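Only a predicted model underlies this, so the values are computations on that prediction, with no experimental measurement involved.
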Amino acid sequence: MRYSRLLIPTLKETPSEAEAISHILMVRGGYIRQLAAGLYISLPLFLRVMEKINSIIRQEMNRIGAQELSMPVLHPAEVWQKTGRWDAIGDEMFRLKDRTGRDMCLAMTHEEIMTWLAAREIRSYRDMPQIWYQIQTKLRDEARPKSGILRTREFTMKDSYSFDVDAEGLNKSYDLHAAAYHRIFARCGLTFYQVESDPGMMGGLTAHEFMAPSDAGEDDIAICGRCGYAANVELAVSHPPEYPSIDMPYEEVHTPEKKTVGEVANFLGLPPHCFIKSLLLIAKDGAPVLALVRGDEELHEKKTQRVIGPYRAARKDEIVNILGVEAGFIGPVNMINQGIRIIASTSLEKGLYVSGANKKDYHIKGINAEVHFQADRHDIRVIKENEKCLKCGAPLKIQRVIEIGNIFKLGTKYSVPLNAVYLNKEGIDVPIIMGSYGIGPARVAAAAIEQNHDANGIIWPVSIAPFPVAILPLNVSDEETVNTAEMIYTALQAKGVEALMDDRDIRPGIKFKDTDLTGIPFQIIIGAKNLKEGLVEIKNRATKETTKVPMANAADDIARLTACLKA
RNA sequence: CGGGGCGUAGCGCAGUCUGGUUAGCGCACCUGCCUUGGGAGCAGGGGGCCGGAGGUUCGAAUCCUCUCGCCCCGACCA
């Protein structure tokens with residue numbers, strides 16, 4: 001295609017609203033424009049990238065036997081009411097009424113509608129397995145859209161759903177997806193990890209996320225370089241650092257005005273890991289729960305929530321009412337209110353500690369975790385960098401990541417309420433076993449930029465670049481330059497290589513800058529001087545390497561280079 | 001939803017504290033000349049409801065009230 005006829009509005013300056021690198025470069029490179037918070041226009045170049053990614057996704061999905069279909073984005077409320085999500089989901093769902101007053105919503109995801117279809121069309125065990133997918137628009141009224149295209153209110157998603165007769169079938173569909181996802185992300189040129197994730201509100205049993213390392217991400221994962229253990233920090237486990245127990249007598253100590261672990265530790269001359277940090281929480285049903293972690297640990301909200309359900313921190317006055325003492329001096333020993341549920345970090349299984357005495361200005365030393373209080377031990381602490389891997393003992397690394405895909409085993413969470421059942425061999429109705437699997441193609445593009453760029457701009461992997469090659473005739477007033485460019489352009493076309501011909505009548509510097517910024521992987525540079533010797537230059541965007549080749553060979557060379565990098 | 005920041009030309013910004021000619025600069029854009037290997041140069045030119053509404057004042061981009069929008073941190077993220 002010819003640059004002069006394409007809309008590629010590049011920007012010399014960084015737009016003020018952009019912060020993430022991928023966001024800045026997409027706006028500057030003429031890929032996207034913002035319409036409103038979380039709503040973006042895809043310009044021609046970006047659409048080409050998305051199509052490349054989607055095409056890779058389609059190939060790999062089809063390869064595992066998945067079938068593409070397309071579902072409405074506007075849904076009647078009833079289907080969502082049947083699974084309970086109409087009420088379970090809050091403001092995040094766009095809702096509206098049609099002209100007759102019927103409640104409708106915009107699709108955030110398609111479990112309900114896919115299951116609705118399965119309920120009608122899958123009748124027998126002979127009909128399964130099935131995998132259905134679509135690359136379709138999703139709408140979510142995000143509380144906080146951010147980082148350009150990484151978190152938007154309208155986005156496309158590849159979502160697939162598997163339908164199986166039993167858990168064994170589900171496992172197979174799940175593994176097929178995991179394998180397909182590995183191929184997809186690898187082909188898109190990404191560095192990524194498959195990590196254990198929290199099934200959360202999706203319901204179900206097992207879940208994994210595919211994570212691309214990037215500072216622009218919103219999640220953290222723990223990874224073990226030795227054994228390959230990888231998990232979202234929301235459920236990552238590790239060996240808490242162990243310290244030799246410090247011997248101390250069981251006694252009350254006066255600690256006037258010393259409330260935080262740091263203050264008391266300092267005051268008593270003991271390290272933080274000798275303390276028990278006590279936090280009063282209020283569960284959803286209003287019941288107080290005392291959560292204990294070691295002094296050097298932090299309570300992990302998500303992990304705690306999995307143990308006691310949704311909760312909040314108790315207010316100061318609630319602490320006084322319930323425990324009879326102000327925050328800072330509370331602890332698991334000598335509690336006035338004996339009925340309170342106590343949960344504790346697994347690191348508090350044994351050893352001697354200091355904690356609040358439940359008496360103003362006093363702490364107790366020498367608390368023996370095995371004798372002085374009872375608690376349910378759970379993993380409720382935040383794990384930290386360099387803690388030892390539970391599986392192999394090597395130090396764990398914490399890495400910020402972008403979630404680019406996820407896979408869930410759903411089980412019968414949707415098939416039961418929507419009555420998606422099949423007749424088994426015995427002639428009995430059985431609920432279909434489902435899985436649900438997502439990929440965010442725009443996030444794949446953003447992650448690719450985050451992982452592949454330099455000071456001059458984007459460096460696309462060839463497989464998802466809008467064009468694999470750009471032709472730069474440096475002076476379009478020079479006839480020989482233009483003729484050579486046209487010759488190479490035609491030759492590339494004949495080989496099925498899409499080239500972006502920069503036919504603009506502008507100074508060379510602008511062509512170089514724009515081509516670097518937009519990230520086209522290869523440049524064929526045609527200048528008068530080299531032309532005198534019948535040569536043109538091929539420049540590799542990533543390595544900045546330049547090679548002079550006879551003009552007649554340029555098209556062949558590019559075809560060869562892009563072909564081997566595309567696989 | 002809580003905390004913070006910002007709305008002035010297409011983009012990036014100054015001017016606002018301390019009210020006062022015709023609201024300014026760089027880039028981009030248009031015309032002409034010149035130039036053609038890393039966002040050139042010269043000359044000329046177009047473009048603004050200073051986010052919006054109300055108020056204070058002889059006078060408001062500037063002060064006050066309300067409101068809308070965008071960004072960042074947090075909560076949320078099915």
Side-chain angles (χ1 to χ4, degrees), chain A residues 9-20 23-24 27-28 30 33-40 80 83-93 105 107-112 138-148 150-153 155 157 159 197-204 207 209 216-219 232 234 301-302 305 310 312-313 402-403 406 408 410 413-414 436 438 440 443 455-457 472-478 481-482 502 504-518 523-532 535-537 539 544 546 548:
Chain A
T10 56
L11 261 34
K12 205 186 285 190
E13 279 174 295
T14 300
S16 64
E17 78 272 13
E19 193 122 316
H23 187 192
I24 291 171
V27 175
R28 282 197 55 208
R33 286 296 182 263
Q34 184 180 39
L35 173 65
L39 296 174
Y40 285 85
W80 288 80
T83 61
R85 288 166 113 191
W86 178 264
D87 295 313
I89 296 169
D91 293 335
E92 197 134 349
M93 184 187 266
C105 65
M108 311 180 53
T109 174
H110 280 84
E111 278 80 15
E112 273 77 1
K138 305 282 185 265
L139 293 121
R140 295 181 187 173
D141 197 354
E142 287 284 348
R144 182 147 101 84
K146 58 176 287 199
S147 305
L150 277 180
R151 193 173 181 74
T152 55
R153 294 193 290 178
F155 57 98
M157 183 170 158
D159 49 324
S197 77
D198 182 3
M201 294 290 288
M202 285 293 284
E209 289 162 326
E218 300 184 85
D219 288 282
N232 194 306
E234 289 177 2
E301 282 190 48
K302 286 267 167 64
Q305 208 175 92
R312 60 177 174 82
I402 296 170
E403 181 186 348
N406 53 43
F408 289 98
L410 294 177
K413 176 170 166 141
Y414 298 92
S436 136
R443 285 187 168 192
N456 293 320
L472 308 189
L474 295 186
N475 181 357
V476 295
S477 317
D478 181 66
T481 301
V482 172
D502 197 342
R504 294 176 297 170
D505 184 10
I506 49 168
R507 300 178 62 79
I510 301 176
K511 295 192 182 189
F512 289 128
K513 289 287 184 193
D514 276 344
T515 311
D516 285 350
L517 177 60
T518 52
Q523 305 171 10
I524 300 177
I525 302 164
I526 304 167
K529 280 173 217 156
N530 286 322
L531 224 44
K532 286 203 174 79
L535 299 174
V536 297
E537 276 173 81
K539 182 178 173 185
K544 297 188 168 78
T546 304
K548 292 184 187 180

Exercise for review: Could you pull out all residues at least two apart from A:Lys12 that satisfy side chain to side chain donor-acceptor pair (under 3.5 Å)?
Suggested key: none
Review point. Considering residues at least two apart in sequence or located in another chain, which fulfil the side-chain contact (heavy atoms from CB on, under 4.5 Å) criterion with A:Asp91?
Key: none
What nitrogen or oxygen pairs link the protein and nucleotides 72-75 of chain B at under 3.5 Å?
| unit_1 | atom_1 | unit_2 | atom_2 | d |
| --- | --- | --- | --- | --- |
| B:rC72 | OP1 | A:Ser147 | N | 3.4 |
| B:rC73 | OP2 | A:Arg144 | NH1 | 3.1 |
| B:rC73 | OP2 | A:Arg144 | NH2 | 2.7 |

Review point. With sugar-phosphate meaning primed atoms plus P, OP1 and OP2, does A:Asp91 contact a base, only sugar-phosphate, or nothing at under 4.0 Å between heavy atoms?
Key: nothing
Review point. Could you write nucleotides 42-48 of chain B as a row of B, S and -, 5' to 3', where a protein heavy atom under 4.0 Å of any base atom gives B, of only sugar-phosphate atoms gives S, and otherwise -?
Key: -------
Exercise for review: Please list, chain by chain and in numerical order, all residues satisfying side-chain contact (heavy atoms from CB on, under 4.5 Å) with A:Asp505, sequence neighbours excluded.
Suggested key: A:Val476, A:Ser477
Review point. Hey, does A:Leu39 reach any base, or is it just sugar-phosphate, or nothing, if we go heavy atoms under 4.0 Å?
Key: nothing
**Study point:** Sequence-distant partners of A:Arg144, side chain to side chain donor-acceptor pair (under 3.5 Å), two or more places apart
**Key:** none
**Study point:** Partner residues of A:Leu531 under the side-chain contact (heavy atoms from CB on, under 4.5 Å) criterion, sequence neighbours left out
**Key:** A:Glu480, A:Thr481, A:Thr484, A:Ile526, A:Val536, A:Met551
Check your understanding: Which base, if any, makes a Watson-Crick or G-U wobble pair with B:rA43, both distances under 3.5 Å?
Key -> B:rU31
Exercise for review: Could you pull out all residues at least two apart from A:Arg140 that satisfy salt bridge (charged side-chain N to carboxylate O under 4.0 Å, His left out)?
Suggested key: none
Point to revise | Where protein sits on nucleotides 28-37 of chain B, one letter per nucleotide: B base, S sugar-phosphate only, - none, heavy atoms under 4.0 Å | key: S------BBB
Exercise for review: Apply side chain to side chain donor-acceptor pair (under 3.5 Å) to A:Asp159 and list each qualifying residue two or more places apart in sequence or on a separate chain.
Suggested key: A:Gln134, A:Lys138, A:Tyr161
Point to revise | Those residues that, when tested against A:His23, pass side chain to side chain donor-acceptor pair (under 3.5 Å) (two or more places apart) | key: A:Tyr40
Exercise for review: Name the nucleic acid region contacted by A:Arg28, choosing base, sugar-phosphate or nothing; use a 4.0 angstrom heavy-atom cut-off, strictly under.
Suggested key: base
Practice item. Please name all residues satisfying side-chain contact (heavy atoms from CB on, under 4.5 Å) with A:Ser16, sequence neighbours left out, ordered by chain then number. Key: none
